[in-house]
Amino acid sequence: MVDGEEAALDAVRTAIKSPGIGLDHPLLAAARGKGILVIDELELGWRLSTSPVVAVTGTNGKSTTVALVEAVLRAGGRRPAVAGNVEADQGMPLSAVPPDHGGWVVAEVSSYQAEGSPEFLPTAAVLTNLTEDHLRRHGSMSEYAAAKRRVFVRDDRCVELAVLNADDVFGASLAGEVSERGGRVLTYGFDGAHDYHVSSLRTTLREGLVGVDTPTGQVRIETRLPGPHNAANVAATLALADGLGLAREPTLAALAATPPVPGRFEPIELSRPFDVVVDFAHSPDGVRHVLRTARELVAERKGRVIVVSASVARTHRPTSEALGRELRAGSDHLILSAMSSGSAPRMVALEGLLAGAREMDSGGLEVILDRRAAIARALDMAGPGDLVAILGRGSDTRVAFDRRGGSGSFDDRQVVRELLA
């Protein structure tokens, strides 16, 4: 701590932390030692707000599901505001939403926020999934799950409505916990036993035709969101809308009209015989789902999946190795690059990813540290029917050039356009 910081705590009653700051930060640890309440900004925003809150949490799919939920609430006349965390792609922090804005709030809730929120309990909550991620922060999957559980269950209390991915073991266990406490549970997924069951799917690069079996019969939804992972997000949102009593017709229209979130399986418009998509996927499960969709798209045209991915700064080593295995297993040719160098030299940051990729014996493997050169190599390789997937950054354009704070901008989408101009 900086000299004088601990002494300054004597005048503090409550410390509000940003989600990116861990509870073990020396200043926050000192505050707790003095009996000062330490909470996340999510908790502050929830305490100040008079609006009903729908929380969306999970490892993957949160941003897309938030966009879908916002759309159906707006179609249902609930005047939603979107809240995220300070690093979110969309929405303001919950503490910045006007307490009297007069509508509902859709909050994308991360485990980083939930772990610092001792009382937060939304009106309704959606769980997309729970897979390996953020273990550098939480230490274990059990601690990661405990942070997510706080969004749904508090001692003998629970959310009024829980919409849970019951294909997920954690989601299935939460269903029992919420039901025991008197909350209403709606399950969804690909298993026919769920309340909202994805029973059919046809997907293209830019859309999906999703069939969902519901308690009141089957519906078919033409969405602008391709892939099985997005079909699950659509089913979750439909379950939530029904659970909140929203009219079915405007709900279906909103689901059909909602555009993809920028940087989530975003196709780049090209006049080329191959496709290029940019996606934020940076966890093992996220990569698995994106590359599964890519593989399905190229199968009929007998094309290849060519992947560019980068090291993720400060990633838990086993998670980084698992990510490397998924990247190579799902690609015909994998090019590993390095992006931010703010936490470690680029080759050092890439070690875990490369080690995992080398464990697999499927497809080609290259290392090209410069991100632009790696993308150029992938585009040069691509031929008719191929799909180039550029992963790990999505719409994020921020990049750290060094460990002294130097930073700048790098947009995968713009680089593709420049290289193919």
Side-chain angles (χ1 to χ4, degrees), residues 60-61 64 190 198-211 220-234 256 259-282 284-310 324-337 357 360-366 368 374-395 412-421:
N60 301 303
T64 296
F190 290 85
V198 179
S199 55
S200 65
L201 172 64
R202 287 196 293 117
T203 190
T204 69
L205 184 66
R206 292 174 175 81
E207 60 189 11
L209 178 60
V210 184
R220 292 171 66 82
I221 309 165
E222 294 184 11
T223 80
R224 298 170 63 182
L225 309 173
H229 55 298
N230 279 323
N233 296 333
V234 167
V261 175
R264 268 60 172 188
F265 212 81
E266 180 178 351
I268 309 300
E269 297 297 335
L270 306 170
S271 297
R272 300 293 170 120
F274 55 85
D275 295 313
V276 179
V277 297
V278 170
D279 196 276
F280 185 60
H282 61 282
D285 186 67
V287 163
R288 185 184 310 119
H289 284 294
V290 166
L291 295 186
R292 173 186 170 190
T293 299
R295 178 67 61 197
E296 291 176 357
L297 291 173
V298 302
E300 289 187 7
R301 61 200 197 199
K302 296 181 171 56
R304 298 173 300 165
V305 176
I306 301 169
V307 177
V308 177
S309 190
R325 290 191 291 270
E326 291 293 346
L327 284 165
R328 195 169 187 193
S331 61
D332 294 296
H333 193 90
L334 171 62
I335 304 171
L336 294 179
S337 68
M360 309 304 292
D361 190 25
S362 56
L365 174 63
E366 289 183 72
I368 301 176
I375 293 173
R377 167 65 173 154
L379 297 176
D380 286 343
M381 290 183 62
D386 291 345
L387 187 149
V388 177
I390 303 173
L391 307 182
R393 293 179 56 78
S395 60
D412 287 340
R413 300 162 299 181
Q414 184 60 30
V415 168
V416 170
R417 296 184 186 104
E418 291 171 0
L419 291 170
L420 295 178

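Between P262 and R413, the shortest heavy-atom distance links the atoms CB-NH1, 4.1 Å. Across all their heavy atoms, R224 and P226 have their closest contact at O-CD, 3.8 Å. Taking each heavy atom of A378 and V308 in turn, the nearest pair found is CB-CG2, 3.6 Å. What you find for G330 and R295 is that their closest heavy atoms are O-NH2, 3.3 Å.
Rounded to the nearest 0.5 angstrom, I335 CD1 and I306 CD1 are separated by 7.0 Å. Note: F265 CZ to T64 OG1 = 12.0 Å, rounded to the nearest 0.5 Å. Remark: D275 CG to R301 CZ distance equals 4.5 Å, nearest 0.5 Å. Rounding to the nearest 0.5 Å places CZ of R202 at 8.5 Å from CD of E222.
The shortest side-chain heavy-atom distance between E266 and P260 does not fall under the 4.5 Å cut-off. Within the 4.5 Å cutoff, the side chain of L391 has heavy atoms near those of the L327 side chain. Side-chain contact check for I390 versus V388: some heavy-atom pair is nearer than 4.5 Å. Using a 4.5 Å heavy-atom cutoff, the side chains of D386 and H333 are not in contact. Side-chain atoms of T223 and N230, non-hydrogen and from C-beta on, never get closer than 4.5 Å to each other. Under the 4.5 Å side-chain criterion, counting only non-hydrogen atoms from C-beta, S309 is not in contact with H282. Counting only heavy atoms from C-beta outward, the side chains of R272 and L420 approach each other to under 4.5 Å. Taking the side chain as every heavy atom from C-beta outward, H229 and R264 never approach each other to under 4.5 Å.
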*Run the side chain to side chain contact (heavy atoms under 4.5 Å, CB included) check on L365 and R328 step by step: do they pass?*
CA-CA 8 Å; L365 174 63; R328 195 169 187 193; 3.8 Å; yes

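Salt-bridge annotation for R377 and D380: absent, with no side-chain N of the basic residue lying under 4.0 Å from a carboxylate O of the acidic one.
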